[in-house]
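Report on one structure; see the data block that follows.
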Amino acid sequence: MDRSHGQISRDCPRRGLPLPTFLITAILFGPALSSARTQPQTMPASPAQTQSQAPADKPDPTLTLAIGDPKLKGKTMEIGPGAILSGRTGQPIGFERMIDEMLAARIVHVGETHNSMPMHEIEFQVIRALYARDRHLAIGMEMVPVTLQETLNRWTAGILAKEEFLREIRWYVTWNFNFGYYEKIFDFAREHRLPIYALNAPREVITKIRMRGWDALSGEEKALFPGVPDVSNQDHRTLIRTVFEAADIPHAMKGAGLDQVFEGLYRSQSAWDEVMGANAVRAAAAEGRRVVVCVGSGHLLYNLGLNRRAYEMSKLPFKTVIAVEVPAERKTLPVSRALGDYVFGLAPEEEPAFPAIGLGLKKVENLENLVVDPKPTDGVAAKAGFEKGDVILSVDGKAYTDINELRMTLAKLACGDVATFKILRAGAVKDVPFKCEKAPAADPAEKRSPELILGPGLEEGQSPERGQSPESQTLKTPAEEANYLAYSQNEAIASFLSALAARTPELRVSNVGRSLPDREYGARDIFLAVLSEKPSAAPEDLDRTKPTVLFTAAQHGNEQSAKEAALWLLRDLAAGDLRPLLKKVNVLVMPQTNPYGNFRDVRANELDLDMNRDHVKLEAEGVKAIHRVFRRWMPEVTIDVHEKGDDYYRVSIGCVSNINIGRGLQDFSRQVILAEVDQALKKKNFTFFEYLVTEALGVDSSSGAARVPGSREAREQMKRYSTTDLNDGRNSLGIFETLSFIQEGASRHDIETLEARTAWQYNGLRAFLESVAGHAPEVLKIVGDHRARLLERAAARAESDPVHLRMTYVRDPAVPELHLKRFERGGTAAAGRVLRVDKRAGETVSAADFVPTQGPGGARVVDEVVKHWFPNVEATLSVKRPRGYIVRGDRLDIVETLLALGVDVGLVTRDAFIEAEVYEVSAVVPSPADYEAPESIDVAAKAVKVPVKKGDFYVDCVQPAANLVPSLLEPQSAYGLIRYWKFKLVPEAAGLFEILRFTGAAAPAVIPYKSWPR
Ligand SMILES: [Zn+2]
């Protein structure tokens, strides 16, 4: 057929509704009509926005109003189909460039005409492209009222099948447009676990404001809004008035009452924009994600609608996309540069994607069947010849009692399909054929590809997801392979590492340990991946002109995202966009240190050990492997990856706290590396804060002992940095003067959030490594200097060279309190929630360890002022570092532990008398729990001349473990071997402590002691 005059086939009714008249009438005629038709609240959109067939010679006045941004108002630009123009410059902009600019925005508003498929396609493309750059994304939707948020959560969580979802959310009662328009967006959100936030208020509340004013609302209804809607913006008023007057308003409505009608409409429009704006802000704040808001264009034009109001409330930067249809008769259309930040030109859609049904239905009292009301005037129903009051007995033989159910059925009809209605009219049963007639032959509209929609020369689809280079796409991590629906296990990791190594010459994978077999789960290999520009299978091959960074992941088996993120990082370093970092750093990754815990999804390993409390006694195979790797490769930097509770701060990194470690390392960690990570993550809209621990005032629960220290009465909570204990992975490697860190990703420990939390972890690790690489020479120097100075200090044996054995957390007078943000979810402490972190008995449990019962929409972000803020650590007991220690020849258990920790131990080769100090114990109160130092131990060092025998052990303090050795071997140490019952080191009162401090001038004759593998 000839479309040259803009004639549209009515065979399959285009758009169905003679817009905008219908919308205006729906609004003006009030709730009876709108609810009967289940018409959504629809802004009286401008003619161009509704794609009515405005003749080319009668341009849409709403597109060229002199309103909006003062710098742009009154200036126009010419938009043609397929083009994207930047309002700021008035010039064409590429799609990818536009997306880049959007990365500065926290909220991206995309306007739609609800029944325009090309506009939904723009929404989808924007969502997909933003997600490809930064997975920390959420979607806000006008189509759903906030009261149905939980259903959206269940959709994203993958709990609901599509039909179940449409039923539960009552899509065709809530919203009048075919779900097919939105399906791609919903599918994408579910596939990638993106939260979708409902933005709308219940329809009847908006109607009430229009009909009866703000004051008519109940307190509960008012609470839906941020406050009394502001109606003072003159430009916005001009916009809505223009839309109002351009609309074909029924004659009866014009005249004296018109201003009053407009006021009501304007009031409700303002309230509506305000509530959706506030909900968009809330969505952006809930998890700190960037939000793409999908709403009718009328809410966004000239940046005066909900976008303006959201900005005024939050100051969150935003961008707005508006699409306009350029009439077929014209090449271009003038539009104001203030219309939106980006304006898309669309060719007229030849036909709608879905036939408009146009069937109003209602329920009447004492009747199960549905009744037609009003008489259909448009859409398929108008042609079918329904009358008002027709009682629907069945459709294709099936009876319906629910409007949503019938609409779901009708929504599935395509052009060409016929459904037969059996109705009761005036007492007689009648068949009514309901025919979606065959649309004209397929034309470009049906074949419209993203390129056509987005315009020529766009790079849509060229940017692979997650910002990796296409190369890295060739190999998925095990979690990606499983679509993040399963935790990756040892076998999958092994094959992934093999595949990655096969294609990456710079990657060397080795087996550095093996977990023990359990009844249910056999022994598994523990892997080390070494990535360096110069392939290095052994430390001797490593290029030491670059710093070496060791990543250890998932010591706690149920902290699954640590491992998935480590594998992702490894892939991107080996074959993705992080490859250039290998020019600056060597990277070691131990992606799975606790295969058993991962398999069982529990915290502990196969021996029920909390591996991150095992770094002194080294009983866990995974921990032994970490220390073997550390001492062989001596990385300058280490980071141990964990998960914490569902914290507002999605990523946290902590540095060392034990003050035996050079202060300069802690300062550099915090002031340089963590500051940069903070900045980098902020740019990507990930919330970050240095890792903090919350516990009861006066209680230090970090030892890992299986009891609650201190009294059990309720105490106030304090915050501090992570533990000073050496039995955790961070300080135990840091004590060798290493820049050592822990990363904690927020977690609900459920599979539904695996993809999101893996992305948080990945971005944290990535920002961390980028920062380290950016400071490569400084990192080498600062660690090298500290390590050298430690050896010098130990060799000098100066009086002023203490080793700190006990420490306490203290306040910083200059920083009396700390300001944080946190999630607040209704209800008290643990009520109705599930503890999902597999805590060891005695560990502190905080609110963050509970899985909230609400979804993302249920959380509020609140400010928190921490009064008890203990950022500093002070020594409470220090001793002079001796020259060395003597350990009796029968204490192989101690010696082997020392060796496993990388301590050099000498074997005495001949009997001799030596000068030493022995500790005389005057009083001792043993600890009631393993892992804890004696409650008190009073000792006095006494100079003695004692015999050593051939076969005894000598541990010299002039070695890289110079700080570790006294920390482990002194009886009063809060970090010592004396804490662990297995060593039986707690002496009797009036006895002697069995390890001697060697004070002689020359070290005894020794040979290095080796423990050969059994
Ligand atoms: Zn952990």
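Read the numbers this way: they start at 1 and go in the same order the structure lists the ligands and their atoms. Quantities reported herein were computed from a predicted structural model and do not represent experimental measurements.
Taking the six-membered ring where tryptophan is involved, the planes of Y521 and F599 are essentially parallel, since the angle between them stays under 30° and well short of 60°. The aromatic rings of Y649 and F689 sit tilted relative to each other, their planes meeting at an angle between 30° and 60°. The aromatic rings of Y980 and F983 sit perpendicular to each other, their planes meeting at more than 60°, with 30° as the lower class boundary.
For H642, the N/O/S atom at the shortest distance from the Zn ion (ligand 1) is named ND1.
Closest non-hydrogen pair, Q761 versus E744, comes out as OE1-C, 4.3 Å.
Note: angle at the Zn ion (ligand 1), from ND1 of H556 to OE2 of E559, is 90° (rounded to 10 degrees).
Here E643 does not reach the Zn ion (ligand 1): none of its N/O/S atoms is less than 2.8 Å from the metal.
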